[in-house]
Amino acid sequence: MKGIRLDKYLADMKKGTRSQIKTDIRKGIVSVNGVVENSPQRKITSEDQVCYGKETVSYDPHRYFLMNKPAGVITATKDAKERTVLSLLKPEDRTSDLFPVGRLDKDTEGLLLLTNDGELAHTLLSPKKHVEKAYYVRLDGVLTKEGIGELERGILLKDGTRCKPAQCEVLATDLSLKTCEVVLTITEGKYHQVKRMMAALKTHVSYLKRIRMGTLVLDDSLTAGTYRELTKEEQNKLMESIKH
Ligand code: URA
């Protein structure tokens, strides 16, 4: 870690606003390597041990945000014409190194992880890790037992690509309207994968929402377009799940 100012170090670790922190530093509440430090400008490196009162504050520059992506925005960091998921972040959260982990189509809603942790993103997206992605899907068309069997064995897409086995749970079927709702769980991330899997069964996806990615679950408290930081527990569970 390059040296960063003590007040920024503590603000980055959410110990308060920059001005509260400066006041506390001047009051003598903060120590560096066991010695009270009164200067907010003091440069801190990874060698230093910073204590805020009795609490040791270690530095983790990584950010993890769980967003409920709304329809109508694209999963990119920049675009000349379209609104991106990053535009939904508050200015203080919108650091230039953040990016979305994987892609959702413009009309797809739901769980999207935004981070600046390249290693985690790489591992989560690695085909070798088989991280499960669960989608709530509304279909024009109904699924037959045979169709579900094809999804479960690994369906052949129209272009000849064979998908890995998926899980498909039918939530509801309306035979008069010829529609159904399912939860489809896949372990890959091919382009338009869910839509293409359903098209191979001659059905059309009318609504798509990602509800889970690995151990991360989209909770009801996040309405479309809102986001929050991952809890420590969610972070730990996610890291643990992709370790091996
Ligand atoms: N599959 C799709 O077809 N679209 C998405 O956005 C995600 C998965």
Side-chain angles (χ1 to χ4, degrees), residues 65-79 81-89 98-115 120-143 147-148 150-171 179-219 222-227 238 241-242:
F65 294 112
L66 180 67
M67 177 180 280
N68 183 352
K69 178 194 170 296
V73 296
I74 62 164
T75 319
T77 51
K78 266 197 233 129
D79 195 87
K81 287 193 221 116
E82 308 273 7
R83 282 178 74 208
T84 70
V85 285
L86 287 190
S87 74
L88 300 172
L89 297 178
L98 275 182
F99 57 90
V101 179
R103 277 179 181 271
L104 291 177
D105 298 335
K106 186 174 168 187
D107 59 354
T108 301
E109 295 185 5
L111 186 152
L112 187 67
L113 177 66
L114 296 157
T115 187
L120 174 81
H122 181 78
T123 312
L124 278 174
L125 297 176
S126 161
K128 286 188 211 132
K129 289 286 173 183
H130 311 292
V131 172
E132 286 186 346
K133 271 107 18 190
Y135 293 87
Y136 167 78
V137 193
R138 261 186 238 140
L139 287 175
D140 290 330
V142 292
L143 294 183
I148 293 170
E150 283 186 60
L151 292 169
E152 289 174 347
R153 284 189 298 275
I155 196 163
L156 191 63
L157 301 181
K158 285 179 182 167
D159 68 357
T161 310
R162 174 74 65 189
C163 292
K164 294 228 160 68
Q167 295 163 50
C168 182
E169 182 196 354
V170 178
L171 302 177
T179 58
C180 67
E181 292 167 46
V182 305
V183 172
L184 185 72
T185 305
I186 59 178
T187 58
E188 303 165 282
K190 296 186 198 303
Y191 183 63
H192 293 331
Q193 180 157 351
V194 174
K195 291 173 185 167
R196 287 158 72 211
M197 289 169 85
M198 293 311 185
L201 293 173
K202 299 190 173 52
T203 61
H204 172 78
V205 172
S206 60
Y207 177 78
L208 186 59
K209 179 178 186 177
R210 184 156 62 191
I211 53 176
R212 183 170 67 82
M213 181 165 161
T215 58
L216 282 183
V217 179
L218 188 68
D219 56 70
L222 280 182
T223 54
T226 62
Y227 68 96
L238 189 62
S241 71
I242 56 171

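Quick note: numbers below take in every heavy atom, side chains included, and nothing from hydrogens, waters or symmetry partners. Source: prediction; values computed, not measured. Atoms within a ligand are numbered from 1 in the order they appear, just like the ligands themselves.
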Student: Do Asp107 and Lys195 come close enough that some side-chain heavy atom pair is under 4.5 Å?
Tutor: yes
Student: If I apply the N/O under 3.5 Å rule, does Arg196 come out as touching ligand 1?
Tutor: no
Student: Please say whether more than 12 non-hydrogen atoms of neighbouring residues, nucleotides or ligands are located less than 6.0 Å from CZ in Arg212.
Tutor: yes
Student: Any side-chain heavy atom of Leu171 sitting closer than 4.5 Å to one from Val183?
Tutor: yes
Student: Taking only heavy atoms of Tyr135, which atoms of ligand 1 are found under 4.0 Å from at least one of them?
Tutor: 7 (C), 8 (C)
Student: Any idea which atoms of ligand 1 are less than 4.0 Å away from a heavy-atom of Thr108?
Tutor: 4 (N), 5 (C), 6 (O)
Student: Could you tell me whether some N/O pair between Lys195 and ligand 1 is separated by less than 3.5 angstrom?
Tutor: yes
Student: With atoms numbered from 1 as shown, which atoms in ligand 1 lie under 4.0 angstrom from a non-hydrogen atom of Leu208?
Tutor: 1 (N), 2 (C), 3 (O), 4 (N), 5 (C)
Student: Among all protein heavy atoms, pick the one closest to atom 4 (N) of ligand 1 and tell me residue, atom and distance.
Tutor: Asp105 OD2, 2.7 Å
Student: In this structure, does ligand 1 have an atom that sits under 4.0 Å from one of the heavy atoms of Tyr191?
Tutor: no
Student: With side-chain hydrogen bond (donor to acceptor under 3.5 Å, both in side chains) as the test, would you mind laying out the steps for Glu181 and Tyr207 before giving the verdict?
Tutor: CA-CA 9 Å; Glu181 292 167 46; Tyr207 177 78; over 6 Å; no
Student: So, are Lys106 and Asp79 salt-bridged, with charged N and O less than 4.0 Å apart?
Tutor: no
Student: Should Arg196 and Tyr191 count as side-chain neighbours, where that means a heavy-atom distance under 4.5 Å?
Tutor: yes
Student: Look at atom 1 (N) of ligand 1 and say which protein heavy atom is nearest, naming residue and atom and giving the distance to 0.1 Å.
Tutor: Val194 N, 3.1 Å
